[in-house]
Amino acid sequence: MLDPHTLEPVTEKSFEALFPRELVRQQFSEERWFDIPEEVWDAYRRLPRPTPLVRARRLEERLRTPAKIFYKAEQFSPVGSMKPNTALAQAYYAKKQGLDLAVSETGAGQWGSALAMSCALFGLKARIYMVRVSAMQKPGRKIMMQTYGAEVLESPSKNTKTGRKLLAEDPEHPGSLGIAISEAIEDTLANEGSKYLLASAFNYALAHQTVIGLETQKEFELLDLEPDVMCGCIGGGSNFSGFIFPFVREKLRGKSDAEFVACEPSAVPSTTRGKFTYDYADTAEHTPLVKMYTVGHQFANPPIHAGGLRFHGKAPSLSLLIHRGVVRSVAFGQTKVFEAAKIFAETEGVVTAPESAHGLRYAIDEAIRCRKSGEKKVIVFNNCGHGLLDLSAYDEFNRGKLIDWEPAEFSVPEYVKGR
Ligand SMILES: *Cc1c(COP(=O)(O)O)cnc(C)c1O
């Protein structure tokens, strides 16, 4: 990561004002392994962990495929997604450092609710800036966070200079994720004893999510099988990276032939139509420049239901693997994605998250290709969340009202030439 003014690499020290110390250490560390602290394991067991690796036999029958389809069931956590895998670790390290307040932002509310739960379990206060339109459209997520004892501020809020300025211009300002991030950062920096916890894209968030892939490895070992195809959705990239990285290690050592496929929405085509370049991680340009696949940090908020996949960039480590061809990527429109989700609900009984349904779409397409070729591939996708708080999206799909959207031509500015 580079300082946007000097273009020099940012230092570990400069991160410590904003993030808990241990997380900064993990971010910059070149160690290959971090032990999971016993306290975090104790919290993981409640999610529960390990999560099951499920064979989707009814789905296979419906598709009349000789392929075996599995999914890693991350939807069982109390908040309905994989996000507690990192939220619990982050809350634990913050508490251990003696901090008393965690600050963050949330759009659709998946991260906010995971963080609120994790802070409650570790006895930490949480303050969450929630994009105002999302709070109005998804009151359920806001109520959930408040039930865990978190303070939820609709953003823009009166609590920060950024928020007050915007509210003065427009008292009904709908907010945006970029604004909520700016408010959370401003608030954190103004408060001794508080730190900023973040959902995805950073190395440590990906590292914490590798618990998914490590379990999947053991589960396949018990079945005496090896996956041929692993797929999943990418927003910031944390759930998919966590799922595949332990297998990527084996592949880079020549011990696995698995194929890795990252699935993104055609509405935010970071890896399929974007650029691998240095860009800001936030709209307001508070962050360092990060080398990643991006559609550009000024990319307008895309009108899709998979709120977790709206981020303009993708995690640097995953981006590099895609750039080098170790991981392939594809994009889907949301109608095709919800078609897959409906088939999954009818055959397996799981109403999956609009996000995870992107990985599911690829799994189904691959299984159909196997029907034609007769190949008996082992396909596995990461079912990273349930869709029980996204039912209005299913409602639109069921009524035939869901529409696809793709950006026209767009350009991504280059801040650092030739690097
Ligand atoms: C947040 C979220 C995502 C997107 O984040 P990644 O970092 O790409 O994993 C995907 N699915 C669900 C269910 C989420 O909550």
Side-chain angles (χ1 to χ4, degrees), residues 47 51 71-87 90 104-118 128 131 134 138 141 144-145 177 197-213 230-245 260-265 267-268 270-271 281 292-294 302 304-319 321-322 327 329 331-332 334 337 341 344 350-361 381-390 393:
L47 293 176
T51 58
Y71 65 91
K72 182 68 169 156
E74 290 296 305
Q75 82 274 13
F76 287 128
S77 88
V79 292
S81 78
M82 79 301 164
K83 289 214 166 65
N85 296 338
T86 186
Q90 294 192 35
S104 198
E105 75 288 328
T106 196
Q110 292 270 26
W111 172 241
S113 44
L115 190 64
M117 178 191 80
S118 303
I128 293 158
V131 178
S134 303
K138 294 198 172 175
R141 284 280 176 195
M144 218 166 142
M145 289 184 259
L177 200 58
L197 304 188
L198 123 177
S200 180
F202 269 48
N203 296 346
Y204 55 82
L206 273 52
H208 302 157
Q209 293 294 354
T210 57
V211 70
I212 302 173
M230 300 185 75
C231 45
C233 67
I234 51 169
S238 70
N239 89 82
F240 181 64
S241 301
F243 179 52
I244 65 165
F245 277 9
F260 310 110
V261 186
C263 306
E264 66 187 9
V268 192
S270 316
T271 69
M292 60 182 172
Y293 272 106
T294 174
I304 51 163
H305 283 288
L309 307 187
R310 288 189 194 128
F311 187 56
H312 62 275
K314 301 291 165 267
S317 49
L318 178 65
S319 292
L321 288 167
I322 293 174
V327 174
S329 70
F332 295 113
Q334 62 177 358
V337 166
F344 194 53
V350 180
V351 175
T352 192
E355 290 87 356
S356 39
H358 286 71
L360 165 68
R361 176 76 255 178
F381 72 96
N382 190 29
N383 196 58
C384 55
H386 69 56
L388 297 181
L389 290 159
D390 300 280

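Nothing fancy with the numbering, it's 1 onward along the sequence. Remember, it's 1-based here, ligands and their atoms both numbered in the order they're listed. Note that these values count all heavy atoms, side chains included, but never hydrogens, waters or copies made by symmetry. Quick caveat, the model's predicted, so the values are computed rather than measured.
- The immediate protein surroundings of ligand 1, defined as residues with any heavy atom under 4.0 Å of it, consist of Ser81, Met82, Lys83, Gln110, Ser200, Cys233, Ile234, Gly235, Gly236, Gly237, Ser238, Asn239, Gly308, Glu355, Cys384, Gly385.
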message: As a quick check of understanding, evaluate side chain to side chain contact (heavy atoms under 4.5 Å, CB included) for Phe344 and Val350, giving each step before the final call.
response: CA-CA 6 Å; Phe344 194 53; Val350 180; 3.7 Å; yes

query: Phe245 and Gln209: side chain to side chain contact (heavy atoms under 4.5 Å, CB included), yes or no, with the steps?
result: CA-CA 9 Å; Phe245 277 9; Gln209 293 294 354; over 6 Å; no

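- Rounding to the nearest 0.5 Å places OG1 of Thr86 at 12.0 Å from CG of Asn239.
- The distance from atom CG of Leu309 to atom NZ of Lys314, rounded to the nearest 0.5 Å, is 7.5 Å.
- To the nearest 0.5 angstrom, Tyr71 atom OH is 9.0 Å from Thr352 atom OG1.
- Rounding to the nearest 0.5 Å gives a distance of 9.0 Å between CZ of Arg310 and CG of Leu177.
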